[in-house]
Amino acid sequence: MSTSVPTQPAKPAIPEGNRWFYLILAVLLMCMISGVQYAWTLFARPLTENLAVSLAAVQTAFTLSQVIQAASQPGGGFFVDKFGPKWTLMVGGLMVLIGWSSMGQAESIPVLYGLYILAGAGVGIIYGIAINTANRWFPDKRGLASGFTAAGYGLGVLPFLPLISSMLKTDGVGPAFMYTGIVMGIVIILIAFIIKFPGQQKGGVKKAIVATERDFNSGEMLRTPQFWVLWTAFFSVNFGFLFLVANSAPFGRTLGIAAGTMAIAITIQNLFNGGCRPFWGFLSDKIGRYKAMSIMFGVNAIAMFSFAHVSSMGTAFFIVMLGIAFFTSGGSYALFPSTNSDVFGTAYSARNYGFFWAAKATASIFGGGLGAAVATQFGWSTAFAISGATATLSFILATFVMPRMGPPKKRGMKTLETKPAVAPAN
């Protein structure tokens with residue numbers, strides 16, 4: 001079998017325009033939706049008290065939000081690919097504004113679920129627009145551009161964390177949700193008026209898609225084995241990652257870690273989560289997507305298995321392992337968008353990446369309510385052992401399977417012959 005890497009034309013044309021400006025807008029969009037996922041762990045315990053329900057019941061809201069993020073991306077991507085980002089982004093911004101800012105007013109679990117689903121759907125739409133803005137403006141540096149954009153999603157919550165922590169203590173859940181939701185929604189809607197893809201007026205209607213033989217539409221992509229192997233790897237590394245995202249604070253409390261120390265730990269995990277993404281994207285541009293994935297997933301598996309021993313190793317060990325785990329799983333959000341464009345082209349990349357995102361949504365089923373239930377019923381060590389096993393699977397796929405599959409081919413066509421997008425292994 002071939003040992004080639006994801007492919008694209010050797011010298012892609014650089015779009016005309018100030019592409020760094022649009023990359024900054026993409027990063028800012030990610031910053032505005034970051035808190036919908038990464039600030040959730042601060043709200044989980046207060047919501048159990050406000051609604052008088054179990055942690056598993058509250059964390060199911062997280063699961064549902066993650067699932068709808070994936071469900072909204074292909075549909076949102078269809079309109080983005082066809083008409084451009086402006087109006088689709090406005091709709092997504094309104095969904096985040098209304099959903100997130102209203103969650104603190106929920107008086108029952110079904111209402112909480114409905115509002116978090118609304119906010120999650122908006123996040124899925126906005127995430128797809130941001131990541132595709134980066135990929136389309138930087139065809140020559142997809143890994144780096146995707147990394148910076150994905151870093152906005154990992155790091156963007158940091159300015160909100162002190163505000164949320166303070167408001168939760170002094171004002172309660174309602175104001176913490178409301179004020180952060182209003183800020184996020186308004187900024188997103190304002191960006192909608194100026195963002196654009198190459199070949200558009202600002203926020204305007206996109207030119208008709210001109211697909212090449214390298215561009216796979218969603219149906220063609222779903223019929224390739226390359227997609228399903230990549231999807232499985234993305235799912236496997238997200239399995240434990242999302243479990244940590246939702247449960248790092250509750251797990252820390254079971255270890256007797258003080259609230260102030262836990263807040264520091266969450267800040268560190270988000271710094272490593274977001275800060276790693278440009279690094280892994282840059283590295284993948286240099287050594288290849290699959291080599292970077294192999295290194296990242298292998299270390300992540302070790303980190304996940306190590307959490308079974310943190311109770312005996314102390315708080316410092318917990319914080320270090322938390323940083324390593326996030327550093328080696330957050331990078332997947334830089335590598336998979338660029339791999340999607342490398343392997344399946346850019347003409348339909350917005351909707352195509354929505355199908356990749358379904359891997360994250362599927363993994364979130366464990367990361368949310370099911371993961372909390374497993375930890376409660378069988379212990380945290382069991383939950384982390386499962387997470388380590390899935391991370392090991394992603395390592396095996398990236399190291400031994402994906403590099404040997406070669407580029408995909410459409411039915412009735414020979415395998416596409418193109419030059420490597422990234423440096424091959426030496």
Self-check item: Candidate pair Leu335 and Met296, rule side-chain contact (heavy atoms from CB on, under 4.5 Å), full reasoning
Solution: CA-CA 10 Å; Leu335 301 191; Met296 185 171 65; 3.7 Å; yes
Quiz item: If you round to the nearest 0.5 Å, how far is CG of Leu23 from CZ of Arg19?
Solution: 9.0 Å
Practice problem: Go through the structure and list residues passing ring pair (Phe, Tyr, Trp, His ring centres under 6.0 Å) with Phe395, not counting sequence neighbours. | Solution: none
Exercise. For Phe279, check ring pair (Phe, Tyr, Trp, His ring centres under 6.0 Å) against everything at least two apart and list the hits.
Key: Phe327
Quiz item: Is a side-chain N or O of Asn300 found less than 3.5 angstrom from the main chain of Ala391, in a donor-acceptor match?
Solution: no
Exercise. Establish, yes or no, whether a centroid distance under 6.0 Å links the rings of Phe216 and Phe344.
Key: yes
Quiz item: What pairs of residues pass the side-chain hydrogen bond (donor to acceptor under 3.5 Å, both in side chains) test when at least one of them lies in residues 113-126, not counting sequence neighbours?
Solution: none
Quiz item: Less than 6.0 Å separating the ring centroids of Phe239 and Phe235?
Solution: yes
Quiz item: Is the backbone N or O of Gly388 less than 3.5 Å from a side-chain atom of Thr392, with the two atoms forming a donor-acceptor pair by type?
Solution: yes
Quiz item: Is it true that Tyr38 and Tyr153 have ring centroids separated by less than 6.0 Å?
Solution: yes
Self-check item: Counterpart residues, side-chain hydrogen bond (donor to acceptor under 3.5 Å, both in side chains), relative to Thr149 (two or more places apart)
Solution: none
Quiz item: Phe148: what forms a ring pair (Phe, Tyr, Trp, His ring centres under 6.0 Å) with it, not counting sequence neighbours?
Solution: none
Exercise. Measure up the Phe336 and Phe297 rings against each other and bin them: parallel (under 30°), tilted (30 to 60°), perpendicular (over 60°).
Key: parallel
Quiz item: Which atoms form the tightest heavy-atom contact between Phe317 and Ser306, and what is the distance?
Solution: CE2-O, 3.9 Å
Exercise. Report the C-alpha separation of Gln73 and Lys360 in whole Å, then their side-chain angles, then the decisive distance to 0.1 Å, and conclude whether the side-chain hydrogen bond (donor to acceptor under 3.5 Å, both in side chains) test is met.
Key: CA-CA 12 Å; Gln73 274 207 35; Lys360 179 190 175 186; over 6 Å; no
Exercise. Write out all pairs satisfying side-chain hydrogen bond (donor to acceptor under 3.5 Å, both in side chains) with one or both partners inside residues 228-246, taking only residues at least two apart or from two chains.
Key: Asn238-Tyr333
Practice problem: Mark yes or no for whether Arg277, through its side chain, and Ala150, through its backbone, hold a donor-acceptor pair below 3.5 Å. | Solution: yes
Exercise. For Phe138, check ring pair (Phe, Tyr, Trp, His ring centres under 6.0 Å) against everything at least two apart and list the hits.
Key: Trp20
Quiz item: Under the 3.5 angstrom rule, does the side chain of Thr88 hit a backbone N or O of Pro85 as a donor-acceptor pair?
Solution: no
Exercise. Kindly give the heavy-atom pair with the smallest separation between Phe307 and Ala325, and that separation in Å.
Key: CE1-CB, 3.9 Å
Practice problem: Scan residues 216-234 for pairs that pass salt bridge (Lys or Arg N to Asp or Glu O under 4.0 Å), counting only residues two or more places apart or in two chains. | Solution: Glu220-Lys410
Quiz item: Can you check whether Phe227 and Phe356 have ring centres sitting under 6.0 Å from each other?
Solution: yes
Exercise. Report the residue from Val36, Leu97, Ile33 that forms a side-chain contact (heavy atoms from CB on, under 4.5 Å) with Met184.
Key: Val36
Quiz item: Is the side chain of Ser146 donor-acceptor paired with the backbone N or O of Gly143 at a distance under 3.5 Å, no angle test?
Solution: no
Quiz prompt | Whether Asn132 side chain and Gly128 backbone form a donor-acceptor pair below 3.5 Å | solution = yes
Practice problem: Using the test side chain to side chain contact (heavy atoms under 4.5 Å, CB included), find all partners of Val173 that sit at least two apart in sequence or belong to another chain. | Solution: Phe43, Pro46, Leu47, Asn50, Leu168, Phe177
Quiz prompt | Short side-chain to backbone donor-acceptor contact, Asn270 and Ile266, under 3.5 Å | solution = yes
Exercise. Look only at the side chain of Thr346 and the backbone of Ser349, and say whether a donor-acceptor pair between them is shorter than 3.5 Å.
Key: no
Quiz item: What pairs with Ala265 under side chain to side chain contact (heavy atoms under 4.5 Å, CB included), at least two apart in sequence or on another chain?
Solution: Met262, Phe318, Ile319, Leu322
Practice problem: Indicate yes or no for a side-chain donor-acceptor contact from Asn135 to the backbone of Ile131 under 3.5 Å, with no hydrogens or angles considered. | Solution: yes
Quiz prompt | Check against side-chain contact (heavy atoms from CB on, under 4.5 Å), Ser218 and Phe78 | solution = CA-CA 10 Å; Ser218 297; Phe78 171 82; over 6 Å; no
Practice problem: Would you check if the side chain of Ser165 reaches a backbone N or O of Leu161 as a donor-acceptor pair within less than 3.5 Å? | Solution: yes
Exercise. Test Leu29 against Thr133 for side-chain contact (heavy atoms from CB on, under 4.5 Å), laying out the working first.
Key: CA-CA 11 Å; Leu29 282 176; Thr133 298; 5.7 Å; no
Quiz item: For Phe378, which residues count as a side chain to side chain contact (heavy atoms under 4.5 Å, CB included) partner, sequence neighbours excluded?
Solution: Val374, Thr382
Practice problem: Return the set of residues passing side chain to side chain contact (heavy atoms under 4.5 Å, CB included) with Ile68 (not counting sequence neighbours), or none when no residue passes. | Solution: Ala71, Ile117, Ala121
Quiz item: Can you name the nearest heavy-atom pair linking Ile109 to Leu51, along with the distance?
Solution: CD1-CD1, 4.0 Å
